[in-house]
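Nothing here was measured: the structure is a model prediction, and the numbers come from that model. Per chain, numbering begins at 1; letters A, B, ... match sequence-line order.
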Protein chains: 2
Amino acid sequence: MQKEHNLSKNQKIIFDLIDKSREPMKAYSILFNVQKKGIKAPLQVYRALDKLVEIGKIHKIESRNAFIACQNSSCQVSKATAFSICESCENVSEISNSKLSKYLSNFSDSSGMKYSKYNLEFFGLCKKCKSK
Amino acid sequence: MQKEHNLSKNQKIIFDLIDKSREPMKAYSILFNVQKKGIKAPLQVYRALDKLVEIGKIHKIESRNAFIACQNSSCQVSKATAFSICESCENVSEISNSKLSKYLSNFSDSSGMKYSKYNLEFFGLCKKCKSK
DNA sequence: TTATAAATGTTATATTATTACATACTGTTA
DNA sequence: TAACAGTATGTAATAATATAACATTTATAA
Ligand SMILES: [Zn+2]
Ligand SMILES: [Zn+2]
Ligand SMILES: [Zn+2]
Ligand SMILES: [Zn+2]
């Protein structure tokens with residue numbers, strides 16, 4: 001059962017915007033879009049983004065410096081994330097595959113490191129772009 | 001067998017610096033370090049980095065905006081990369097695990113996407129930092 | 001209530017990366 | 001050799017991404 005996070009005003013404005021977007025959003029594009037709601041400075045955006053990532057409501061696509069809403073109802077924190085990214089149309093989806101997540105969550109090697117988090121990004125061509 | 005790439009002057013200067021570094025290097029730190037060798041502008045650094053990534057001599061650690069030399073003699077291109085990152089000391093190593101790479105290279109799901117590349121970053125505490 | 005943590009507002013600045021344009025070098029082929 | 005194509009370089013300006021520092025306000029809980 002998922003802990004309910006009561007988002008603050010700025011967090012809610014920014015989450016709603018990202019959640020409605022069909023594509024990953026960049027911080028300054030978010031800023032531009034929420035200026036009419038009174039959020040005027042980059043730091044206000046980055047603070048909300050940091051918190052939303054921390055509680056797993058959004059994830060950062062590291063290779064794109066962009067943010068998407070969590071598409072798995074189960075991500076309470078952003079600690080085990082996998083995405084597919086089309087290099088042609090830049091469509092991004094969160095991969096929800098229990099075998100993959102089990103495999104990676106249980107991964108260990110001889111380095112002696114204790115892994116507590118991972119982020120995986122797959123790149124390729126989506127169905128649409130392949131057939132062009 | 002690995003194709004021999006004849007690095008250009010700037011590419012060689014920058015690769016040698018990264019290769020000697022025990023930690024991932026950031027672009028502007030690289031710039032600072034190669035100024036005595038005549039490389040004066042960010043673009044000169046970024047161009048060499050782009051090429052070195054393309055041919056697999058270095059990889060970008062996306063979550064850190066930093067670059068490390070390939071630690072696998074086999075990476076001809078940066079298309080199947082996995083790293084372990086200590087969140088305490090920021091030590092980064094390239095993971096070379098054939099089971100993992102096979103698993104990920106063969107991964108496919110029902111989305112219809114054809115994956116041609118991936119990048120995986122594991123986070124946690126290294127041996128040293130765990131025992132502190 | 002009092003204390004504490006979390007969130008906000010604001011300005012300035014740091015860090016990372018690209019655009020645009022001119023020039024030079026390297027290897028191939030007519 | 002000459003012409004060409006592809007790759008690399010040099011330089012200036014600027015765009016895009018992210019954080020520091022400090023003051024204030026709001027929410028939560030002892
Ligand atoms: Zn998620
Ligand atoms: Zn596509
Ligand atoms: Zn490698
Ligand atoms: Zn460590």
Side-chain angles (χ1 to χ4, degrees), chain A residues 3-18 21 23-68 77-78 87 90 92 119 121, chain B residues 3-18 21 23-68 77-78 87 90 92 119 121:
Chain A
K3 178 162 186 298
E4 189 54 42
H5 280 279
N6 296 307
L7 300 183
S8 72
K9 177 171 139 281
N10 289 359
Q11 288 160 15
K12 188 161 188 339
I13 290 169
I14 286 170
F15 175 70
D16 287 346
L17 177 67
I18 296 171
S21 171
E23 48 192 28
M25 293 196 74
K26 304 197 145 219
Y28 278 72
S29 154
I30 293 168
L31 176 58
F32 178 79
N33 277 277
V34 297
Q35 278 178 332
K36 52 197 150 206
K37 305 225 174 185
I39 294 176
K40 292 172 189 157
L43 193 49
Q44 294 175 292
V45 172
Y46 281 104
R47 284 198 284 223
L49 290 173
D50 285 350
K51 184 68 182 187
L52 292 167
V53 167
E54 185 192 324
I55 64 180
K57 300 280 287 182
I58 66 172
H59 303 301
K60 182 172 187 182
I61 308 302
E62 293 286 357
S63 64
R64 299 297 186 263
N65 297 317
F67 299 84
I68 65 169
V77 289
S78 298
E87 291 187 294
E90 293 293 324
V92 175
N119 179 55
E121 298 180 4
Chain B
K3 179 165 186 295
E4 188 53 42
H5 279 279
N6 296 308
L7 301 183
S8 72
K9 178 170 137 282
N10 289 359
Q11 288 160 14
K12 189 163 186 339
I13 290 169
I14 287 172
F15 175 71
D16 287 346
L17 177 67
I18 296 171
S21 171
E23 47 192 29
M25 294 196 74
K26 304 197 143 219
Y28 278 72
S29 153
I30 293 168
L31 177 56
F32 178 79
N33 277 277
V34 296
Q35 278 178 331
K36 51 197 149 205
K37 304 225 175 189
I39 294 176
K40 292 173 190 158
L43 191 50
Q44 294 175 292
V45 172
Y46 281 105
R47 283 197 286 222
L49 290 173
D50 285 349
K51 185 66 182 187
L52 291 166
V53 166
E54 184 192 326
I55 65 180
K57 300 280 287 181
I58 67 172
H59 303 301
K60 183 172 187 182
I61 309 302
E62 293 286 356
S63 64
R64 299 297 186 261
N65 297 318
F67 300 84
I68 64 169
V77 289
S78 298
E87 290 185 296
E90 293 292 325
V92 175
N119 179 55
E121 298 181 1

Q | Contact summary for A:Q44 and A:I14, nearest pair of heavy atoms | A | O-CD1, 4.2 Å

Q.
Strictly below 4.0 Å: does A:K26 bring a side-chain N or O up to OP1 or OP2 of D:dA16?
A. no

Q: Would you classify A:K60 as touching base, sugar-phosphate or nothing, given that sugar-phosphate means primed atoms plus P, OP1 and OP2, and contacts are heavy atoms under 4.0 Å?
A: sugar-phosphate

Q. D:dT7 P sits how many Å from B:Q11 CD, rounded?
A. 11 Å

Q.
Rounding to an integer number of Å, can you tell me how far B:K12 NZ sits from D:dT9 P?
A. 13 Å

**Q.** Candidate list B:N33, B:I39, B:D50, test side chain to side chain contact (heavy atoms under 4.5 Å, CB included), partner B:V45, passing option
**A.** B:I39

Q: For residues A:N65 and A:K60, determine if any side-chain heavy atom of one lies less than 4.5 Å from a side-chain heavy atom of the other.
A: yes

(Q) Rounding to an integer number of Å, can you tell me how far B:D50 CG sits from C:dT16 C1'? (A) 13 Å

**Q.** Residues in contact with DNA chain C, drawn from residues 30-47 of chain B - heavy-atom cutoff 4.0 Å
**A.** B:L43, B:Y46

Q: Determine: side-chain N/O of A:N65 to OP1/OP2 of C:dT16, distance under 4.0 Å, yes or no.
A: no

Q: Return the value, rounded to whole Å, for the distance between atom CG of A:L52 and atom C1' of C:dA7.
A: 13 Å

Q: Compare the ring of A:Y28 with the six-membered ring in the base of D:dT17 and state whether they stack (centres under 5.5 Å, planes under 30°).
A: yes

Q) Under 3.5 Å, is there a donor-acceptor pair between the side chain of B:K26 and the main chain of B:R64? A) yes

Q: Please state how far atom CE in B:M25 lies from atom C1' in C:dT15, giving the value in whole angstrom units.
A: 15 Å

Q | Closest approach of B:A27 to B:L49 (non-hydrogen atoms, all atoms of both residues) | A | CB-CD1, 4.1 Å

Q: Could you tell me the separation between the CG atom of A:L7 and the P atom of D:dT26, rounded to a whole number of Å?
A: 19 Å

Q) What are the two closest non-hydrogen atoms of A:I18 and A:M25, and how far apart are they? A) CA-SD, 4.2 Å

Q: For A:F15 and A:L7, work out which heavy atoms get closest and say how close.
A: CB-CD1, 4.0 Å

Q: Provide the closest heavy-atom pair for A:I61 versus A:E121 in the form atom of the first, atom of the second, distance.
A: C-OE2, 3.6 Å

Q. Just to confirm, is there a sub-4.0 Å distance from OP1 or OP2 of C:dG9 to any side-chain nitrogen or oxygen of A:N10?
A. yes

Q.
Does a side-chain N or O of B:S8 approach OP1 or OP2 of C:dC25 to a distance below 4.0 Å, or not?
A. no

Q. For A:L17 and A:V34, which heavy atoms make the closest approach, and how far apart are they?
A. CD2-CG1, 3.9 Å

When you compare the protein's N or O atoms with those of nucleotides 28-30 of chain D, which come within less than 3.5 Å of each other, and at what distance?
none

Q) Looking at the side chain of B:K9, which of D:dG10, D:dA8, D:dA18 is the nearest nucleotide? A) D:dG10

**Q.** Distance, rounded to the nearest Å, where B:R64 contributes CZ and C:dA17 contributes P
**A.** 14 Å

Q: Applying side-chain contact (heavy atoms from CB on, under 4.5 Å), name anything that partners A:V53, two or more places apart in sequence or on another chain.
A: A:I58, A:F67, A:S78

Q. Whole-Å distance between C:dT16 C1' and B:F67 CZ?
A. 9 Å

